[in-house]
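Data block below; observations after.
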There are 2 protein chains.
Amino acid sequence: MNKVLTSGLEDYLEVISNYLKKYNKVRAIDIAKELNVSRASVSEALKRLADKNLINYGRYGAISITGEGEKAAAAIIEKHTLLQKFFKDILGLEEQESAENACKIEHVISENVLERLNQFVKFNEKNPEFLKNFHNYMK
Amino acid sequence: MNKVLTSGLEDYLEVISNYLKKYNKVRAIDIAKELNVSRASVSEALKRLADKNLINYGRYGAISITGEGEKAAAAIIEKHTLLQKFFKDILGLEEQESAENACKIEHVISENVLERLNQFVKFNEKNPEFLKNFHNYMK
DNA sequence: ACAAAATGTTAGGTTTGCCTTACATTATAA
DNA sequence: TTATAATGTAAGGCAAACCTAACATTTTGT
C-alpha cells in the first residue's frame with residue numbers, strides 16, 4: 001500500500017479535515033459538492049483513503065479521520081494557508097483568486113519553498129514599509 | 001478536438017520549443033530523456049500534440065512546432081521563467097530547486113497571479129534595498 | 001410507520017498517461 | 001554497402017480519476 005497521496009486524494013483529505021473541524025461530521029455528498037465530483041467518485045476516493053489508513057469508514061458509516069490522516073491533512077492545510085496569505089497579503093490579490101491558486105499549488109510546492117515563503121511573509125509583517133510602497137505602486 | 005493542454009502535454013510542448021530554439025531540431029528520444037519517460041510515451045504525446053495542431057510531424061519525420069504551438073509554448077515558458085526568477089532572486093533558493101518548483105507551478109498558476117508576481121519582481125529590481133535586508137535576515 | 005426523498009455503493013465505461021515488449025525504420029561505422 | 005546500433009512506433013497492459021445508471025440503504029415528513 002503506497003502512502004504517497006496524489007493531488008486528488010490530498011484534496012479529498014483536506015475537505016474531510018476541514019469539514020470535520022467545522023461541523024464534526026462529513027458525508028460523501030458534502031465532499032462531492034465541495035469538490036464538484038460525483039458521489040460515486042467520492043465513494044472510490046474514500047476507499048483509497050481508508051486503504052492508506054488516513055480515514056476510517058465502512059459501508060454507510062460515519063467518516064472519521066485517523067491520527068495519521070490528520071497529520072497529512074495538517075501539512076496540506078498549512079501549505080494552503082500560507083500560500084493564500086502570500087497571494088492575498090503580499091501580492092494583493094482577491095480572496096477567491098488567492099484561494100484557488102493556493103488550492104492548486106499546495107500539491108506541488110516543495111518544503112524549502114514553503115519555508116522560505118513563510119520567512120518572507122513574516123519578514124514583511126515585521127517590516128511593513130516595503131509592502132505599503134509596493135501596494136501604492138500598483139494602484 | 002480539445003485545445004486545452006494537460007500539464008503533461010504542456011511539458012512536452014515546452015521541451016520541444018526549448019530544444020528547437022537551442023539546437024534547431026528535436027528527436028523523440030531527446031524529449032524522452034528530458035522528461036524521463038519512454039520513447040513510446042513520447043510517440044503518443046506527439047500524436048496528441050499533432051492532433052491539436054501544435055506540432056507537425058509524421059512517421060519518422062522531423063518534429064516542428066506550429067505558430068499556434070509556439071504561442072502556447074511561449075506562454076508556458078514565460079510562466080516558468082518568471083516563477084524561477086521569483087524563487088531564485090526573491091526567495092533566494094537554489095537554481096535547481098527554483099527550476100523544479102517552477103516546472104510544476106507553471107501548469108496551475110493563474111494569469112492574475114503571474115501578472116502580480118511580475119510586478120512584484122520588477123518592483124524589487126527597482127527597489128533593491130528591501131530584498132537586501134531580507135537576504136541578510138535569512139543568513 | 002412507511003412512502004418518498006436523500007444519500008451511498010456498485011458495475012461498467014471513458015480518458016489520460018504511463019509502461020514493456022516486439023517490431024520497423026533509419027543512421028553509422030567498418 | 002551492409003550489419004549493427006540507435007531510434008521510432010504499435011500493441012497490449014495497467015492504474016488513477018472521473019463519469020452515468022442502477023440499485024441499496026437510510027433519513028425524513030406526514
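Below, chain A is the first sequence line, B the second, and so on; all start at residue 1.
- Taking only side-chain nitrogens and oxygens, A:Tyr12 never comes nearer than 4.0 Å to OP1 or OP2 of D:dA16.
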Scan nucleotides 2-7 of chain D against the protein and return all N/O pairs shorter than 3.5 Å with their distances rounded to 0.1 Å.
unit_1	atom_1	unit_2	atom_2	d
D:dT7	OP1	B:Arg27	NH1	2.7

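- A:Lys52 places its NZ atom 13 Å from the P atom of D:dA15, with the value rounded to the nearest Å.
- Put simply, the side chain of A:Ile31 reaches to within 4.5 Å of the side chain of A:Ile63, judged on heavy atoms.
- Relative to the side chain of A:Thr6, the nucleotides D:dA17, D:dA24, D:dC19 differ in distance, and D:dA17 lies closest.
- The side chain of B:Glu44 sits closest to D:dA11 out of D:dA11, C:dG8, D:dT9.
- Remark: A:Ser41 is not in phosphate contact with D:dA17, judged by side-chain N or O atoms under 4.0 Å from OP1 or OP2.
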Discussion item. Working note: A:Asn101 + B:Ser110, criterion side-chain hydrogen bond (donor to acceptor under 3.5 Å, both in side chains); need CA distance, chi angles, decisive distance, verdict.
Written reply: CA-CA 7 Å; A:Asn101 277 273; B:Ser110 78; 3.1 Å; yes

Discussion item. Under the criterion side-chain hydrogen bond (donor to acceptor under 3.5 Å, both in side chains), I'd like the reasoning laid out for B:Gln84 against B:Glu106: C-alpha separation, chi angles, the key distance, then a yes or no.
Written reply: CA-CA 10 Å; B:Gln84 187 163 347; B:Glu106 71 193 18; over 6 Å; no

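- Picking from D:dC19, C:dT20, C:dA24 the nucleotide with the shortest atom distance to the side chain of B:Arg59 gives C:dA24.
- Contact of the B:Ile77 side chain with the B:Lys21 side chain is registered, since non-hydrogen atoms from C-beta on lie closer than 4.5 Å.
- If you take CG of A:Leu49 and P of C:dT9, they are 13 Å apart, rounded to a whole angstrom.
- Residue B:Asp11 is classed as having no contact, given no heavy-atom separation below 4.0 Å to the nucleic acid.
- Rounded to a whole Å, the CD1 atom of B:Ile63 is 15 Å from the C1' atom of C:dT26.
- At the heavy-atom level, A:Gly58 lies under 4.0 Å from the strands shown only through sugar-phosphate atoms.
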Fill in: Stepwise ring pair (Phe, Tyr, Trp, His ring centres under 6.0 Å) test for B:Phe123 and A:Phe130
CA-CA 10 Å; B:Phe123 187 74; A:Phe130 167 80; 5.5 Å; yes

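- Put simply, A:Ser38 has a side-chain N or O that comes within less than 4.0 Å of OP1 or OP2 on D:dC19.
- Toward the 5′ end of DNA chain C lies the nearest nucleotide of B:Arg48, the other residue of the pair B:Arg48 and B:Ala40 mapping further downstream.
- One interatomic measurement links the two molecules: CG of B:Leu46 to P of C:dG17, which rounds to 13 Å at whole-angstrom precision.
- Rounded to a whole Å, the CD atom of B:Glu10 is 15 Å from the P atom of C:dT16.
- Contact annotation: the side chain of A:Ile16 approaches that of A:Ile55 to within less than 4.5 Å [non-hydrogen atoms, C-beta and beyond].
- Proximity of the aromatic rings of A:Phe87 and B:Phe120 is defined here by a centroid distance below 6.0 angstrom, and this criterion is not met.
- For A:Leu9, the listed nucleotide lying nearest its side chain is D:dA17; candidates were D:dT9, D:dC19, D:dA17.
- Contact annotation: the side chain of B:Val42 approaches that of B:Tyr12 to within less than 4.5 Å [non-hydrogen atoms, C-beta and beyond].
- When the C1' atom of C:dC19 is taken as reference, atom CG of B:Asn36 falls 14 Å away, rounded to whole Å.
- Residue B:Asp30 is out of contact with every strand shown, counting any heavy-atom pair closer than 4.0 Å.
- Here B:Lys47 reaches the OP1 or OP2 of D:dA10: one of its side-chain N or O atoms lies under 4.0 Å away.
- One can place CG of A:Leu35 at 8 Å from P of D:dC18, the figure rounded to the nearest angstrom.
- Protein atom OH of B:Tyr57 is 14 Å distant from nucleotide atom P of C:dT26, rounded to whole Å.
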